[in-house]
Protein chains: 2
Amino acid sequence: MICDLHNTTSNMGLTLIHYTTSDWATLHICKYLQTKITKVPVRVMVLDVPYSDAYSLESVSKHGFSIEVGPQPHGVVRADIYVIMKEAVDLTIDWIHKFNSGTVFEGGDVEAFKIIKSVDYPRDPVTRSLNAAVHPQLQDRDFCLLKRGDPLFLSFSGETVKYEEEEPLHPLFINECAYYEKGIAFHLAKRMRLTIPAVQVQKD
Amino acid sequence: MICDLHNTTSNMGLTLIHYTTSDWATLHICKYLQTKITKVPVRVMVLDVPYSDAYSLESVSKHGFSIEVGPQPHGVVRADIYVIMKEAVDLTIDWIHKFNSGTVFEGGDVEAFKIIKSVDYPRDPVTRSLNAAVHPQLQDRDFCLLKRGDPLFLSFSGETVKYEEEEPLHPLFINECAYYEKGIAFHLAKRMRLTIPAVQVQKD
């Protein structure tokens, strides 16, 4: 099992990122972290990317996920973020020890957010420089439910750009520093419910 | 007059930075901004640096100050921070127009924070890498009053480093990204009161 540790400028709390919805081991760990960590929201995100296009380390291991914590500026250590990440890693190792010692983990449902698409910043058609920033009413509201007419961007001349889609979706990774160069202001995700079975280690 | 525009990862609100306590024009502008801007605190900071060692653009002009706004991560545009900076610049120009048109500005007192010294992060004596982060109880509390025994840092092994000085002082630029390489975790400042005279433009 590999965990790839990340931090973000977005208000993502503690997010456990998967390339698949079918890894019972990591989903059980998510459920375990959700019961143990109460200071920040603990959520599951699923990328719609095939393993052949995966870009984080855990994709080469049998089991694994990325642990994403935020908000923290790049180049800065925040003690609160450090403490949350340490707690997530310690509890993950804790779960593995319990599992290997024969503990039975009951099945159940886990809520997950599956990425559907990404939205770029409004840009000048020629220079490609930004025309707008994330709207103050959307900034830091990762995982809220966006409905038609909700503000998305505030242009530098003062106009509001609104959400025009019929389908309400959840914005994730709002205003992440490293995504400007990728052309991503935020992802849009659909909420889903995953069901995991009870598990217990198989003794030889 | 030159204004040098900056942003910081520290929770500095809107801070107007001076190399001197004797520029009546800029101190009047600070007073004007304090009466007009209510969404964020507007404060005056004074550097204890001679003009020969000055490192910002306004030091080459007859009048001027740096405008510092935060918190904003480096490499990120936040609409709230952009709007505050724009308001500060617009109101500065507004004051200059009013002054040049003959408006009388009454004198009075302006509160200022004068930098006394800087404090570095606890570091490994050999490698110089950090041993601790700013304590969660100090993070984002720029301009509070630090008293003996207050927490400063939380080490990566969990110990708290406390403020040991007899004199209570105000921490500024707490955990600013660009100051790690300068060996500054925060500045310590003394609060002072500056008195400015009533002013009116001299007509030819």
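Naming convention: chains lettered A, B, ... in sequence-line order (proteins, then strands); numbering from 1 in each chain.
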Worksheet entry | Whether N175(A) side chain and V77(B) backbone form a donor-acceptor pair below 3.5 Å |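 Present.
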Closest non-hydrogen atom pair between [X] and [Y], with its separation:
X       : Y       : value
L154(B) : A79(A)  : CD2-CB, 4.3 Å
C177(B) : V76(A)  : CB-CG2, 3.5 Å
P73(B)  : P73(A)  : CB-CB, 3.7 Å
Y82(B)  : F156(A) : OH-O, 3.1 Å

Worksheet entry | Heavy-atom contact with chain A under 4.5 Å, split by part of V134(B) | backbone
Worksheet item: Of the backbone (N, CA, C, O) and the side chain (C-beta and beyond), which part of Y121(B) lies under 4.5 Å from a heavy atom of chain A, both, or neither?
Response: neither
Worksheet item: Does a sphere of radius 6.0 Å around CD in E181(A) hold more than 12 heavy atoms from other residues, nucleotides or ligands, not counting ones at 6.0 Å or beyond?
Response: no
Worksheet item: Is it the case that more than 12 heavy atoms not belonging to R191(B) sit under 6.0 Å from its CZ atom?
Response: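 Result for CZ/R191(B): open.
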Worksheet item: Looking at D80(A), V83(A), D140(A), which makes the most heavy-atom pairs under 4.5 Å with chain B?
Response: D140(A)
Worksheet item: For chain B, which of R78(A), H135(A), Q139(A) has the most heavy-atom pairs under 4.5 Å?
Response: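 The option with the most such pairs is R78(A).
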